[in-house]
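Worksheet: one structure, shown below.
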Amino acid sequence: MPKVGAQLNQAIKSRTLIRRSALNVSEAVATRRSVRQFRPDAVPLDMLQDILTKAQRAPSGGNTQPWHAIVLTGEPLADLTAKIKAKAASEPMGAGMEYDIYPKGLEGRYEEQRRLVGKRMFDALGLAREDGAGRIAQMAKNWDSFGAPVQIFTYCRTYMGPPQWSDMGMWLQTVMLLLREAGLDSCPQEIWAMYGSYMRELLGIGDEFIFFTGMAVGYRDPDAPINNFAVPRVDLSEAIDFRGF
């Protein structure tokens, strides 16, 4: 009995610690970032199931809930990783893209912001602009999910329009914040869409769907420089116009 009592007390202490360490929404938003170096620690299935069950409360127009996802780990993820790396080696510029990851006319502050975050990432790694090989090698780490043990691949019906794609984004953001609450991290990776039709083939997704994105999930390496550079955001005045206040 004493041993059982000690185990029960430890379980209670563990739950209390989890509750005390849980992030509120503001903290989850502030600490979420695209993590590009993960520890190899496995993510428990029941934790993912709990997070994804909660994320089903994400908003969607008319409650259409247009998102679909496939979650991979272990051997299925390793197999897909090997195949997409071979594909990327043979067709490095992509093949079978089903949508433009960036609009062709991206300009102004939008393009400046995209370039700045890329520069800060490579600077954090000590990769100079002239180090093309080093930068390509870093980008290739996408295919290994940056060491994360889990991938979430998202897709929807082909007839879904911009409103439903925004719904998928809200669902993904909800998932990312719930991951933070649970002590996990993520990296949304639209780069997988460079091989959209091939990704559907690998995942067994029919032609009535369009592939959207991958998202690496796991525990961040807190000491990795690539997880610690500052990611700037524009001033509120550049994005928001308050009227009638």
Side-chain angles (χ1 to χ4, degrees), residues 23 25-37 58-61 66-67 92-94 97-143 145-146 152 154-156 160-180 185-196 210-217 220 224-245:
L23 304 178
V25 176
S26 295
E27 291 168 334
V29 171
T31 60
R32 189 218 63 80
R33 66 178 294 140
S34 293
V35 167
R36 292 184 175 87
Q37 188 165 327
S60 62
W67 52 83
M93 301 307 293
M97 287 183 65
E98 299 181 311
Y99 70 92
D100 291 328
I101 295 175
Y102 297 110
K104 292 181 172 62
L106 194 65
E107 43 72 44
R109 73 168 177 88
Y110 314 110
E111 175 64 6
E112 290 170 8
Q113 289 155 193
R114 187 186 72 84
R115 289 179 178 275
L116 178 58
V117 76
K119 180 181 185 304
R120 291 198 175 190
M121 180 184 74
F122 289 125
D123 286 350
L125 295 169
L127 294 172
R129 185 176 182 82
E130 310 81 60
D131 188 359
R135 291 186 172 211
I136 290 171
Q138 173 58 38
M139 295 305 291
K141 292 181 180 180
N142 274 281
W143 310 127
S145 304
F146 301 114
I152 299 178
T154 306
Y155 59 102
C156 71
M160 295 297 182
Q164 290 73 46
W165 280 65
S166 73
D167 293 343
M168 282 198 293
M170 287 190 284
W171 176 76
L172 285 165
Q173 173 75 339
T174 302
V175 172
M176 287 187 278
L177 296 181
L178 288 168
L179 288 167
R180 286 300 304 128
D185 288 286
S186 61
C187 184
Q189 298 172 273
E190 288 176 314
I191 193 171
W192 295 88
M194 287 177 62
Y195 305 94
I210 182 170
F211 178 84
F212 178 25
T213 188
M215 188 166 76
V217 173
R220 80 173 72 180
I226 200 168
N227 292 335
N228 288 290
F229 68 91
V231 180
R233 292 292 190 264
V234 299
D235 186 80
L236 195 64
S237 63
E238 293 189 57
I240 309 297
D241 181 9
F242 293 96
R243 301 181 181 184
F245 290 91

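Worth saying up front: this structure is predicted, and the values here are computed from it rather than measured.
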Requested in this report: Take Arg243 and Asp241, measure what salt bridge (Lys or Arg N to Asp or Glu O under 4.0 Å) needs, and give me the verdict at the end.
Outcome: CA-CA 6 Å; Arg243 301 181 181 184; Asp241 181 9; 2.8 Å; yes

Report task. Taking all non-hydrogen atoms of both residues into account, name the closest pair between Ile226 and Gln138 and its distance. Result -> CD1-NE2, 3.3 Å

Query raised in the report: Side-chain contact, heavy-atom cut-off 4.5 Å: Pro59 with Asp167?
Result: no

Report task. Please report the shortest heavy-atom distance between Gly134 and Leu127, naming the atom on each side. Result -> O-CD1, 3.7 Å

Query raised in the report: Heavy-atom distance under 4.5 Å between the side chains of Met139 and Ile136, does that happen here?
Result: no

Report summary line: Rounding to 0.5 Å, atoms CG (Leu179) and CG (Leu177) come to a distance of 8.5 Å

Query raised in the report: Run the side-chain contact (heavy atoms from CB on, under 4.5 Å) check on Met194 and Ile191 step by step: do they pass?
Result: CA-CA 6 Å; Met194 287 177 62; Ile191 193 171; 3.6 Å; yes

Requested in this report: Please report the closest heavy-atom contact between Ala124 and Phe229, naming both atoms and the distance.
Outcome: CB-CB, 3.9 Å

Report task. Any chance you could measure Met121, atom CE, to Arg36, atom CZ, to the nearest 0.5 Å? Result -> 5.5 Å

Report summary line: To the nearest 0.5 Å, atom OG1 of Thr213 lies from atom CG of Leu172 at 7.0 Å

Query raised in the report: How long is the span from the CZ atom in Arg129 to the CZ atom in Arg135, to the nearest 0.5 Å?
Result: 6.5 Å

Query raised in the report: Would you call Tyr195 and Phe211 a side-chain contact if the rule is heavy atoms closer than 4.5 Å?
Result: no

**Report entry** Sub-4.5 Å side-chain heavy-atom contact between Asp185 and Arg32
**Finding:** no

Requested in this report: Find out whether Phe212 and Glu190 are in side-chain contact, i.e. whether some heavy atom of one side chain is under 4.5 Å from a heavy atom of the other.
Outcome: yes

Query - Identified side-chain contact (heavy atoms from CB on, under 4.5 Å) counterpart of Ser186 within the set Arg180, Arg33, Met215 - result: Met215

Query raised in the report: Which atom names give the shortest non-hydrogen contact between Met176 and Pro188, and what distance separates them?
Result: SD-CG, 3.5 Å

Requested in this report: Check whether any side-chain N or O of Asn227 sits under 3.5 Å from a backbone N or O of Gln37 as a donor-acceptor pair, and report yes or no.
Outcome: yes

Requested in this report: Please report the closest heavy-atom contact between Glu27 and Thr31, naming both atoms and the distance.
Outcome: O-OG1, 2.8 Å

Report task. Among residues two or more places apart or on two chains, list those pairs meeting salt bridge (charged side-chain N to carboxylate O under 4.0 Å, His left out) that have a residue in residues 113-122. Result -> Glu111-Arg114, Glu111-Arg115, Lys119-Asp123

Query raised in the report: Taking only residues two or more places apart in sequence, or in another chain, which ones meet Tyr102 in a ring-ring contact (aromatic ring centres under 6.0 Å, His included)?
Result: none

Report task. Using ring-ring contact (aromatic ring centres under 6.0 Å, His included) as the criterion, list what pairs up with Trp171, not counting sequence neighbours. Result -> Trp67

Query - Interatomic spacing from NZ in Lys104 to CG in Leu106 - rounded to 0.5 Å - result: 12.0 Å

Report task. Would you confirm whether the ring centroid of Tyr99 sits within less than 6.0 angstrom of the ring centroid of Trp165? Result -> yes

Query raised in the report: Nearest heavy-atom pair of Met160 and Pro66: which atoms, and what distance?
Result: CE-CB, 3.9 Å

Query - Gln189 side-chain N/O to Asn142 backbone N/O, donor-acceptor pair under 3.5 Å - result: yes

Query - Separation between CE of Met168 and OG of Ser60, rounded to the nearest 0.5 Å - result: 11.5 Å

